[in-house]
Structures are given as C-alpha cells and as structure tokens.
Amino acid sequence: MEGLLMNIGKLNRRITITTYAVNSATATGGYTKGAGTAVTTWCSAKPLSQKESLLNGLQLGQASYEFTFRYEQGTTVNQTTLLTYESRNFRVISILEIDENKRVVKVLANERTN
C-alpha cells in the first residue's frame, strides 16, 4: 500500500469522478431525488494491453485503463461511478487498492460506448 503514496507525484492528469444521485423513499411512498456529485482531481492513467485486460478479466474490444487518483473523504467510488478522462467516459470495473488514509485509489475501468 505504501507504493500508492510514493507515486503521488505521478498523478499528473485530470479526471472527473461523477457519482449519480440516489433516490430516497419517503414516508408517503414517494421518492426524494438526491443530489449527484462531480469532483475533478489528479490521476495517472495507464492504458492496458489486451494481455493485461485478459489477465484482469476485462472485456476485450473496449479501451481499458488502470487509473490511480486522489479523492476526498465522502466521495464514493464503486461500479456505478463514472470517470471522465480526456473527454472520454469510463465505467469502474474493479477497485484494486485504497491506501490507509483513503486518499488514493487504484481502479480498472472500461470505456463506455454509449
């Protein structure tokens, strides 16, 4: 885990992390729309080769990346999180590592085609 902290200087690209709104049930049977969030932060982006994609169980035929990025407390990163990097949208497939302070996370993501 120390490797993530030591490579913080390599986070030299910008990425936007978008978390969609979650609707909450109300007592009357309706829903209250929640607020989504979008945070821009620093990242490193490593395109994966087809061999690396296969080894990680990712779908071939799509651009796959390994992203390492900083994030703030309260930011949710899961498989519904949208990552925007160089005007391209990516879907988080797998979370690989999170450092002890929860300030840097490493994920695998596929480019969204729609």
Side-chain angles (χ1 to χ4, degrees):
M1 297 278 180
E2 280 185 36
L4 287 177
L5 290 175
M6 295 176 76
N7 291 329
I8 208 148
K10 293 183 180 182
L11 306 181
N12 58 3
R13 307 274 186 201
R14 299 299 274 169
I15 192 167
T16 301
I17 306 162
T18 303
T19 304
Y20 292 105
V22 176
N23 295 332
S24 302
T26 63
T28 59
Y31 288 93
T32 301
K33 186 174 182 174
T37 60
V39 177
T40 301
T41 189
W42 294 100
C43 80
S44 68
K46 176 188 164 205
L48 299 179
S49 67
Q50 285 190 356
K51 180 181 177 181
E52 290 172 314
S53 293
L54 281 173
L55 289 173
N56 286 299
L58 300 176
Q59 188 174 12
L60 295 179
Q62 294 179 327
S64 298
Y65 277 73
E66 179 182 286
F67 291 107
T68 303
F69 54 87
R70 293 183 57 86
Y71 74 106
E72 299 299 323
Q73 296 288 39
T75 302
T76 302
V77 178
N78 57 35
Q79 291 182 332
T80 62
T81 302
L82 176 70
L83 304 176
T84 305
Y85 172 72
E86 294 182 344
S87 301
R88 296 162 51 196
N89 292 325
F90 292 84
R91 183 174 65 92
V92 173
I93 301 299
S94 178
I95 299 172
L96 299 177
E97 291 182 58
I98 300 176
D99 77 355
E100 304 86 43
N101 297 323
K102 296 184 179 178
R103 301 278 299 169
V104 178
V105 64
K106 184 186 289 189
V107 301
L108 296 178
N110 277 349
E111 187 170 12
R112 292 182 61 159
T113 55
N114 54 3

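For reference, positions follow the sequence shown, starting with 1. Predicted model only: the values in this text are computed from it and were never measured.
A salt bridge (Lys or Arg N to Asp or Glu O under 4.0 Å) check over residues 37-50, counting only residues at least two apart or in different chains, returns the pairs Lys46-Glu52.
The distance from the CG atom of Asn89 to the CG atom of Asn110 is 13.0 Å, given to the nearest 0.5 Å. A distance of 14.0 Å separates NZ of Lys10 from SG of Cys43, quoted to the nearest 0.5 Å. Here Arg91 contributes atom CZ and Leu82 contributes atom CG; the two are 11.0 Å apart, rounded to the nearest 0.5 Å. Taken from OG in Ser44 to NZ in Lys106, the straight-line distance is 8.0 Å, to the nearest 0.5 Å. Of the inter-residue distances, the one linking Ile93 atom CD1 with Leu108 atom CG reads 8.5 Å to the nearest 0.5 angstrom.
Criterion: ILVMFWY side-chain heavy atoms under 4.5 Å apart, direct or through other members. Under it, Val77 and Val39 are not part of a common hydrophobic cluster.
Applying the side chain to side chain contact (heavy atoms under 4.5 Å, CB included) test to Thr40 and every residue at least two apart in sequence or in another chain returns Arg14, Thr16. The ring-ring contact (aromatic ring centres under 6.0 Å, His included) test applied to Phe69 returns no partner, not counting sequence neighbours.
In plain terms, the two heavy atoms of Leu83 and Ile17 that are nearest each other are CD2-CG1, 4.0 Å. Scanning all heavy atoms of the two residues, the minimum distance from Thr68 to Leu11 falls at O-CD2, 3.3 Å. The two residues Ala63 and Phe90 come nearest to each other via the heavy atoms O-CE2, 4.1 Å.
A heavy-atom distance below 4.5 Å is found between the side chains of Glu66 and Leu96. By the 4.5 Å heavy-atom criterion applied to side chains, Ile95 and Val105 are counted as neighbours.
Under a 3.5 Å cut-off, the side chain of Thr41 and the backbone N or O of Arg70 do form a donor-acceptor pair.
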Begin with the C-alpha distance, continue with both residues' side-chain angles, and end with the deciding distance and a verdict on side chain to side chain contact (heavy atoms under 4.5 Å, CB included) for Thr84 and Ile15. CA-CA 6 Å; Thr84 305; Ile15 192 167; 5.9 Å; no
